Amino acid sequence: MDSTMMVREKKERRTELPDLEGCSEVTKVVMRIAPGPSGPLHLGHSRVAVLNDEYVKRYDGRLVNRFEDTNPEKVDPEAYDMIKEDLAWLGVEVHETVFQSDRFPRYYDVMRSLTGMGHGYVCICDSEDWRASKVSCKACPCRDLPIDEQLDRLDRFLSSGYAAGEAAAVIKTAIDHPNPAVRDFIALRQVDHPHPRTGDRYNIYPMMNLSVAVDDHDLGMTHVLRGKDHLNNTHRQEYIYGYMSWNKPRFFHYGLVSIPDTILKTSMIGNGIKDGTYRGWDDVRVGTLAALRRRGIEPDAIRKFWSEVGMKQVDVQVSWDNLFAMNRDIIDPKAKRFFFVPDPVELRVRFEGEAESSCPVHPDSPELGQRTHCFLNDFLVHICSDDMEELRDRGMIRLKGFCNIAHGEELRHAGDDMEVTRQGVKVVQWAPPGSVEAEVLMPDGETVSGLVEPISAQVDDMVQFERFGFVRIESLKPKVRAVFAHR
RNA sequence: GCUCCUGUAGUGUAGUCCGGCCAAUCAUUCCGCCCUUUCGAGGCGGUGACCCGGGUUCGAAUCCCGGCAGGAGCACCA
């Protein structure tokens, strides 16, 4: 029998997203990502960016990046560019960029229409009272005033005729809606705080349910992907679609993401930077894309990762192991190998004669050549203190690609018979003469110091420090500095 | 409290709509072994899951009912 028939073909790992419903019913798929510019993107944000981008590419659609900068107190002016960089790095192709802060008059117009149709009101009640009447399904005194009066109030409100916080424009849903989270919601509020992009030209700001519904409609969204924390917002926005007789996009809600021991909250990271806990947005301890980039995580690993997680409504607790495994698949074939010796100790070796060491730059790619070093008589190299202990305990160790070292009266070159490795002698990395100081920044923020052989790599390259892990080279001079990715 | 959503191995995921081909897929993790001058890669094998209880049915991860558990929302944040 043909032996190849016995071998079961390895199934390809499927990371394909399921088809998106409703794509056949529209002429052109239009989707969006809607970041709030309060900081750069983190791993959590990358999920919706990747999913939208994947679908838009699959269906040859259009992707809009809409900056949701409707809360002037939360906007970080630098975030606009940081987010653009993050998206570009991820390989997300944005066809159009929209700023909500350019569209305030449009939101006012829609609110006027809604109010004119009797679907909105301007409430001047104390906010506590308004909320309290809502939970007991009762209309506040403002809600049922005649439309003319509501329109007068709205004009006054829009021309700053009220003090900040005194009035708010509200959209009616059903005051006795069984779901308290869906009853009447605020659409416009007054904030006397300058906006990074519009200064003090406007002080009436839309709440997301108004601006999002208006924009999703105006920009022709066919499919909207969002976290399930927006489930009730979707219900609220559906009232606006209904009142305005707009076609609704299809909505999809995916579950929330958490990653053990990882901070994925922009505000928390921002605070940590302010109080000095973190060194910046790319501090390796945080979950920003900037930090992951610095650690040598490839955008394609992130894309594959989210494609596999998909869009289920269940909350997911994802683990770094899965992401790292995907990253390793990508970088392993192209990462040059070098010896890095953490916690180095001297190894003075008695030797007479000439020898040359030789290790492949990459074990699976011989064409990349060898790393070689020449030795004449007694020599001095460095090995890791743990391996020195092993040498003492066992009496022998092998310097990878070079020779065996025996520990007797003195340390001596013990030939390079590789048979010893079959007897359990450890093969270790070592730092030849001419090695330079190196520091590896670990994910916990600590630094591991040591020696690294002269390396033929460039800044930003991913390399593997043998028996240590994959690292990204951050600088080569005056000393080698690298950032740890994963084993 | 109210409303909504969801429950497949440690983790992620396939299967659930249209019951049988599911003694449940793939990946990762962990543990062995093989290979390899790395604790990387590769190969082989193993541990490990349909939340619980009823019902319908010849047959249920899949349909129905009831529990239970987890999550989200009830903001002049997004």
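No experiment lies behind these values; they were computed from the predicted model shown. To find a chain, count down the sequence lines: A is the first, B the second, and so on, and within it residues start at 1.
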With rounding to the closest Å, how many angstrom separate the C1' atoms on rC76(B) and rC65(B)?
44 Å

Phosphate OP1/OP2 of rA78(B) contacted by T70(A) side-chain N/O (<4.0 Å):
yes

Would you find a donor on one side and an acceptor on the other, under 3.5 Å apart, between the side chain of K336(A) and the backbone of S456(A)?
yes

Taking OP1 and OP2 of rG40(B), is either one under 4.0 Å from a side-chain nitrogen or oxygen of R467(A)?
no

Remember a base hit wins even if backbone is also touched, and classify Q464(A) as base, sugar-phosphate or nothing at under 4.0 Å, heavy atoms.
base

Using a 4.0 Å heavy-atom cut-off, does R337(A) contact any base of the nucleic acid, only the sugar-phosphate backbone, or nothing at all?
base

So if I define the base as every atom that isn't primed, P, OP1 or OP2, how would nucleotides 3-8 of chain B read as a B/S/- string at a heavy-atom cutoff under 4.0 Å?
B-SSS-

Under 3.5 Å, is there a donor-acceptor pair between the side chain of H223(A) and the main chain of N52(A)?
no

Using a 4.0 Å heavy-atom cut-off, does G165(A) contact any base of the nucleic acid, only the sugar-phosphate backbone, or nothing at all?
base

On RNA chain B, compare the nucleotides closest to L256(A) and D69(A); which residue's is nearer the 5' end?
L256(A)

Would you say the side-chain atoms of T173(A) and R183(A) include a donor-acceptor pair closer than 3.5 Å?
no

Looking at Q237(A), H235(A), R236(A), which hits side-chain hydrogen bond (donor to acceptor under 3.5 Å, both in side chains) with N233(A)?
R236(A)

In this structure, is the centre-to-centre distance between the rings of F465(A) and F339(A) below 6.0 Å?
no

Residue met sooner reading RNA chain B from 5', once C359(A) and Q317(A) are mapped to nucleotides
Q317(A)

In whole Å, measure the gap between the C1' atoms of rC52(B) and rU8(B) for me.
15 Å

rA27(B) to rA49(B) separation - C1' atoms, rounded to the nearest Å
15 Å

Between rU3(B) and rG66(B), how far is it from one P atom to the other, in whole Å?
15 Å

Could you measure between the two P atoms, the one in rU25(B) and the one in rG10(B), and give it in whole Å?
15 Å

Rounded to whole angstrom, note down the C1' distance from rC51(B) over to rA69(B).
7 Å

Test item: side-chain donor near acceptor, H382(A) and S435(A), under 3.5 Å:
no

Heavy atoms only, 4.0 Å cut-off, all strands: where does T421(A) land among base, sugar-phosphate and nothing?
nothing

Separation of the C1' atoms in rC21(B) and rU6(B), to the nearest angstrom
29 Å

With a 4.0 Å cut-off on heavy atoms, is M418(A) in touch with a base, just the backbone sugar-phosphate, or nothing at all?
base

Heavy atoms only, 4.0 Å cut-off, all strands: where does D416(A) land among base, sugar-phosphate and nothing?
nothing

Kindly compute the distance separating CD (Q150(A)) from CG (L145(A)), expressed to the nearest 0.5 Å.
5.0 Å

Regarding S258(A) and D315(A), do their side chains bring together a donor and an acceptor under 3.5 Å, going by distance alone?
no

Centroid separation under 6.0 Å, is that true for the rings of F484(A) and F468(A)?
yes

What nucleic acid atoms does Y205(A) come within less than 4.0 Å of, heavy atoms only: base, sugar-phosphate, or nothing?
nothing

Need one value for P260(A): base, sugar-phosphate or nothing, where a base atom within 4.0 Å counts as base even if backbone is also close, heavy atoms only.
nothing

When every non-hydrogen atom of M31(A) is compared with those of L225(A), the smallest separation belongs to CE-CG, 3.7 Å

As a check on the pairing definition, encode RNA chain B in dot-bracket form, counting Watson-Crick and G-U wobble pairs whose two distances are under 3.5 Å, and using | for partners outside this strand.
(((((((..(((.......[.....))).(((((.......)))))....(((((..]....))))))))))))....

